[in-house]
Each structure stands twice: as structure tokens, then as C-alpha cells.
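Worksheet: the structure to be examined is printed underneath.
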There are 2 protein chains.
Amino acid sequence: MIESEPSPNGAAEAESSSRKRVVIGDVAARAGVSKSAVSFVFNNRSGVSASARERILRAADELGWRPSARARALSRSHAQAVGLVIRRDPELLSTDPFFPQFMAGVEIGLTAHDYSLVLQVVADEQSERAAYHRFADASRVDGVFLTDVRIGDTRPQDARELGLRAVVIAPEDAASDDGVAIGMNDSDGVRRAVHHLHSLGHRRIAHVMGAPMYVHTEARRRAWREALVDLGLPVGTVVTADFTGASGARATHELLDLPEPPTAIVYGNDLMAIAGVSAATDRGVRVPEDLSVVGFDDIPLAPYALPPLTTVRQNVVAWGTAAAQTLVALVEGRQPPTVRLPPVEFVVRGSTGPTRDRRHA
Amino acid sequence: MIESEPSPNGAAEAESSSRKRVVIGDVAARAGVSKSAVSFVFNNRSGVSASARERILRAADELGWRPSARARALSRSHAQAVGLVIRRDPELLSTDPFFPQFMAGVEIGLTAHDYSLVLQVVADEQSERAAYHRFADASRVDGVFLTDVRIGDTRPQDARELGLRAVVIAPEDAASDDGVAIGMNDSDGVRRAVHHLHSLGHRRIAHVMGAPMYVHTEARRRAWREALVDLGLPVGTVVTADFTGASGARATHELLDLPEPPTAIVYGNDLMAIAGVSAATDRGVRVPEDLSVVGFDDIPLAPYALPPLTTVRQNVVAWGTAAAQTLVALVEGRQPPTVRLPPVEFVVRGSTGPTRDRRHA
DNA sequence: TTGTATGCGTTATCAC
DNA sequence: GTGATAACGCATACAA
């Protein structure tokens, strides 16, 4: 229970908004010790007797004092905060289930260490660079999360040059050795999707990929391709899209216009997949009778799509927590814990089904 | 273009990660002035000659110096940061288009003033209170945004007692006088939805509302009711849900089980509406032939739902920007600008249609 | 314009 | 090992 009401014996002058801020000296005076003693107690350092510690804690509690993050940041040269720069088009930002979940997970890891998360949402690359510079130059944060990693991304090096610690969130197999990485496992989900489709009898399995600049886009495409090869299936057509609904619909039309259209499509995310179903339906192609569709993300709407969407689910919250723990450790100069991320789940719903010949068989 | 490469004449010792942090004194020395002069220039204050200003800016640029947010925060007793505490269930968080867009808008308003946004995602009320206390006690932020305002919410008062400025984001008509508010205009959108349905011949128009604790839930319900009354229509059935897909589906079944089921339903958000369509379809009720459906939010998926969803769109980004400008002004003791928010839009798509008798007429 | 005190903890140095 | 004292971090406010 967090209560900051002034202790009854504290003082009658309290409660007025003009109450002076309680500072470490007040606590020290009340406990009859020096400021350093108070500081030591609040930083879990030895050198304070049990009785003194007791008095100090009580005094602090009675006065409602907590160390000022501002003063602490200055004297420690340490912001006790980490940053997240999100570069996304506004439209994509509000569909993407990644960031909200990731941030929720990050908080779990940060709150435990009393770190704050400083957020910056930007629209383009120039603002993104500026954002990292602001973080570093003004010493607002000690480290940053790097998400949406792009091919040839220089941010890991940039961060290092700016003196920021960084944790890269990227597909495992794309994780370079530039700094510590939290590995996503997109490939596994896509592989399972392809295997699932194969087991339903599909042989022409296409892929609609997202914006090609991202390493996770490429990771998913590669996983799709490799799974097909492993299964001895022909490598199907891949169409480049950009994760938006409009692009997913367009890509779907392209695929269905082919002389030999696919009987199944693996999409780079749920939004494109659902838009793809919509596009297919518009032209009389039924899902899943004529076309099976697999998404990626398992957005909360996926079960309510018509038909309910078969898709890949990852535990993004767990990544966030792991990334936060890692970054805090890095910032504090500790060895990052080895994280164990939960495996991806493949969720079979109504948008995938047996090929026509199988069904008739 | 933001570049922090050490000036060519800067020093050869640069680039090493062990470079000492450049401080204001270094800039002052290089420019041959006092620290105060440098400070004045960087705070746009008079008292520095044009030539000195010139030298100072050049020196700072060459050294790549910018005032440290940490030191500035301490000496100004001002964090130059504002906070946003998001309390949401993980599931709802990742569907809600509100927060990403709101945050994107907030950034626009904050970046202009060089403020940072500190974010905290929490799961329950106790953590929420703790989060505000942490913000205030540690002086991490100067003000906060209060979103998802609940009925009988004490956060405006709490914030004041904690010494935090606050901007409340709530429906216009629910805005109390506890602090400054940015008025959302949910009512207008709902009213237009009801009028739209009425013009299509609907007379039994139900409402599926979200979690009843929020003032915006209630604002939408009231708007629905008042619109019906204004039009001389009977007040339909209202079912309480909680903004999740599951609750929307359940509520829809409840409504369709009525002896006289509605011919149209206005939902509190798009997720429930789409889940409602799914539920209706499952039991053979066709949308829009047998049932018209209106959502709220216009999520990016709305155009790709089957059928495409008729819904209400608000410019949440604009709110965010307005809220940020207002909060910064408040924090800096200025008169908040009068904001002019764009009106809501009502987007008619395929999920609403004429009633059966109209169509046959 | 400049020197200097100030904000508030943290930490190195010293004394017991 | 306990504890106190003083310097430090860095920019800003205010008197000079």
C-alpha cells in the first residue's frame, strides 16, 4: 500500500501544497545520523548498524521521503532510465500488436529495478536519429531498445558511439554480434505454418511478405522458403507487401491472378492476412475451401475474423521482460542473465483447411 | 541533420569511448566566456552580445555539447518530462488503437518543447497508484496525462496532492473542473451512428457498451439513448460488455436471443462489433441483411472485416498533440492554448444497410 | 556579463 | 566496522 500522508507526528504544517520538499538531510536529522548513512541504507550498502538502519528507515517512512531521481541521476551520472524509439507510420502503429505488448513486458522488467521507460514515437529516419541523439546528448537514458531492426541497420554501432547501451530485438538467426540481442523466433512459427499446410495437402504455398527492409521480414520469408524445400515442395511465389491491409489485399489479388494460383498463402502478419481473406472473398474465392490463409501475430481480433484466422502467436510480453532485464544488467555493468524465451505457438483456426482434392477424397 | 562527430579541429583524442563528457565549462572556456553566458544562450535569454553568442554556439557545436538534462532537471527542480500511466489488461492493450495514436500525437507536442514522455504500463489499480507515487516522489516527471478516466476517479485530486500537473482526457460532457481537460467528443459519433441507422429504417437499435467503469463508456451509452429519444424511437436494449471480443460476441448472442431482437446494434468499439458480426454469422444472422452493425474507433482492420465495418473515427493523434501542448503549458505556468480538435468522422461501410422492409419496398 | 550559491544525493576521505 | 564531513556532478538563478 503506497501512502504518502504525512506521519501524524510529522508536522501540522504539512498538507499545504507549499510544504517544502523533504530532503535527505531532514531524514538524517530526524534519525540522528549523517546524510551518508541515509544514502547507504537506501542503496543497500553496508556500513550502517542495524539500529541506525532501523531509525533511518522509520524516519524516511514518517517523512515520506524517497531519494529524488533527479539528484540521484546527477550524482551518479546515471539516468536510471532507458529509452525506446518507435519509428512507425501512424497507420501501422495502431494495428501492430507488438509494441503495446512489448512495452507491457518491458515495464515488468524495469519496475523491478526501479527504472523508467522513456518513449519516443517518430515518423521517419531523420527524426529517429535525432531522437537517439537527444537521448544520449542530454543523458536522458542509459540504454535503449532497438526494435524493428532493418537490414544493414547501423543503430547498434550508433548507439555504442553515443555511449548508450543497447539491446537488439531481432530474429535469432539475424542477430549480429553488435551488442546483446534478444532472439525472436519467427522462423519456427512460419515453419510450422508451412508444415501444417503441407499436412493438409497443399503444394502451392505462396508468401506475402511485409516491408522488405526489416530483418524479421526477411527471416520469415527465408523460413517459408526453407520449409518448402525441406518438404520437397516447389518454392511458391512470394509477393512483397508492407504489412498494411491495403498491401495485403493487393498482394492477394496478384497471387490469385496467377495462371496457377496458390492454394494457400502465408502472410507476414495478421492484418495482411485478414485483408487477404477480404480480397479473396470479394472475387468469389472461398476461405478455406478454395484458399487457406495463415497470419502472423495472433491479434485479439484473429479469433473473430471470418473465418477465424489460423496464425502464429509469440509471447511478446516475455520478450519485453527479458529485454528489459538484459538492458538493466548491461547498464549496471552486470552480466546479462541468460534468458529463456517461451516457444512460439501455432494456432489453428478456421482459415486453413484441406485442399479440395483431399476433401473430396 | 544531426551529427555529433567531433569537430575536425576538436581533438584527436575523441572517438575513444573513454572521452570525458563535455560540460558547460569546456564550452565557456573555448568561447572565452563564463558558464552563465553559455547558459543564457542555450536558454534564449538576453544579456549576451551577438559576437559572444556566435562564439558560444560555435564552441558548443564543435565540442558537440548540449545541456545535460540531468543537471538541468536538478537545478531547475523540473524534470522536463511528463508521464503517462497506462492501466490495461494485456489483451485489451494490444487491440486498442487509442494508445499508440495518442502517444504518437503526444510526441509531436512534446518534441517541439523538448520534453520527454515517461511511460508506465500497469495491470491493476494498486500498481497504478504506485506508479503515480513513484513519478511524484522521485520527481521524475512534472505532469501526467490522465486517460481512461473512470467514474468517481480520484486521480485528478491525487495528482494535485502529489504536486503533479495533470491533463485529463475525457469526454467533453464528463469533464469535471478538476484540472484541465481535453474533451473527446464521443457523443457526436454515436449520435451520427444512430441517425444513420434511423435513416436506413431501423427502429430497434440496441447498444453493446464497454466496461461500465469508464466515463467514456457511459458517455457513449448516454449519446445512444439521447439520440433514440430525439428521434422518437423506443430506447432499445443495452447490454454491458467490457470491450473485449469475447464480451462482444456474448452480448450479441444475448441480443439476438431476445423475443424481439434488434435490427441494428451500436457497439462501444470495433473489436466488439467485429466479434458481434462473427457471432451473428455463426447463428445464421446475416450482416447487414438481417442485422446492421456499427463499431467505434475505425481500427485499420475495419475496412477489411467481412463485411467492412461502418464505424466512428476520431483523430486521436490530434488529441495527443493538444494534450501535450496543454500539459507543457501547465507545467511551465503558462496559460494553456485553446485547442480546437477536429470533429469526429462517421465512416459508412458495408456492415450497415436498410432494414428488410425498406429493401423490399 | 561574471562570479557564486543552489538544488539534492552520492561517494571519497577521515576519524573513532 | 560505524559514522561524520566535505567534495562532487552540472547547469541555473541571482547578486555583484
Side-chain angles (χ1 to χ4, degrees), chain A residues 19-57 59-60 63-81 114 136-140 142 163 332-333, chain B residues 19-57 59-60 63-81 114 136-140 142 163 332-333:
Chain A
R19 62 184 167 195
K20 265 184 72 71
R21 198 174 156 44
V22 177
V23 298
I24 195 170
D26 303 328
V27 177
R30 189 183 185 93
V33 298
S34 71
K35 291 196 299 177
S36 19
V38 179
S39 176
F40 279 20
V41 168
F42 274 78
N43 291 291
N44 297 314
R45 286 171 50 166
S46 57
V48 183
S49 66
S51 73
R53 157 178 255 96
E54 172 74 16
R55 268 179 295 137
I56 290 168
L57 286 174
L63 263 39
W65 179 83
R66 302 218 323 169
S68 154
R70 296 207 279 254
R72 185 178 256 183
L74 180 61
S75 58
R76 278 195 184 155
S77 319
H78 187 288
Q80 189 101 341
D114 204 32
D137 293 348
S139 310
R140 265 190 207 276
D142 306 310
E332 299 186 339
Chain B
R19 65 184 164 192
K20 265 183 70 71
R21 197 175 155 45
V22 177
V23 298
I24 194 170
D26 303 329
V27 178
R30 190 183 184 93
V33 297
S34 71
K35 293 196 296 177
S36 322
V38 179
S39 176
F40 279 15
V41 169
F42 273 79
N43 291 287
N44 296 314
R45 289 169 48 166
S46 55
V48 184
S49 70
S51 72
R53 154 178 259 99
E54 172 73 18
R55 268 179 294 135
I56 291 168
L57 286 174
L63 262 42
W65 178 84
R66 304 218 323 166
S68 153
R70 297 208 277 256
R72 185 178 256 185
L74 180 61
S75 61
R76 280 194 184 159
S77 321
H78 187 289
Q80 190 102 341
D114 204 31
D137 294 349
S139 311
R140 266 190 207 276
D142 306 311
E332 298 187 340

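So you know, we letter chains A, B, ... as the sequences are listed, proteins then strands, and number each from 1.
For A/R45 and C/dT11, the shortest distance from a side-chain N or O to OP1 or OP2 is below 4.0 Å. Distances shown here put a side-chain N or O of B/S34 below 4.0 Å from the OP1 or OP2 atom of C/dT2. Phosphate contact (OP1/OP2 of C/dG9, side-chain N/O of A/W65, threshold under 4.0 Å): present. Between B/S39 and D/dT12, a side-chain N or O to OP1/OP2 separation shorter than 4.0 Å is present.
Taking atom CZ on B/R72 and atom P on D/dA13, their separation rounds to 9 Å, with Å as the unit. Counting to the nearest Å, the C1' atom of C/dC8 and the CG atom of A/N43 are 13 Å from each other. Across the protein-nucleic acid pair, A/L74 atom CG and C/dC8 atom C1' stand 8 Å apart, rounded to whole Å. Residue B/R76 contributes atom CZ, which lies 15 Å from atom P of C/dC8 at whole-angstrom precision. Put simply, CZ on A/R70 is 19 Å from C1' on D/dC8, counting in whole angstrom units. Atom C1' of nucleotide C/dT10 and atom NZ of A/K35 are separated by 9 Å, given to the nearest angstrom. A straight line from CZ of A/F40 to P of C/dT10 spans 10 Å, rounded to a whole angstrom. Rounded to an integer number of Å, the gap from NE2 of A/H78 to P of D/dC10 is 14 Å.
No engagement by A/V38 is indicated, since no non-hydrogen atom pair under 4.0 Å with the nucleic acid exists. B/F42 comes within contact range of no nucleotide atom at all, as no heavy-atom separation falls under 4.0 Å. Within the nucleic acid shown, A/A73 has no heavy atom closer than 4.0 Å to any nucleic acid atom. Within the nucleic acid shown, A/S68 comes within 4.0 Å of sugar-phosphate atoms alone, with no base atom in reach, counting heavy atoms only.
Along DNA chain C, the nucleotide closest to B/S51 and the one closest to A/R66 are compared, and the more 5′ of them pairs with B/S51.
Judged by distance alone, the side chain of A/S75 and the main-chain N or O of A/A71 form a donor-acceptor pair under 3.5 Å. A donor-acceptor pair is defined here as one N or O able to donate and one able to accept, closer than 3.5 Å; no such pair exists between the side chain of A/D26 and the backbone of A/V22.
With values rounded to the nearest 0.5 angstrom, A/I56 atom CD1 is found 7.5 Å from A/S49 atom OG.
Heavy-atom minimum distance, B/H78 versus A/R70: N-CZ, 3.4 Å.
Between B/W65 and B/V38, the closest side-chain pair of non-hydrogen atoms falls below 4.5 Å.
Contact of B/S36 with C/dG3 (side chain to base): a donor-acceptor pair of N or O atoms is detected under 3.5 Å.
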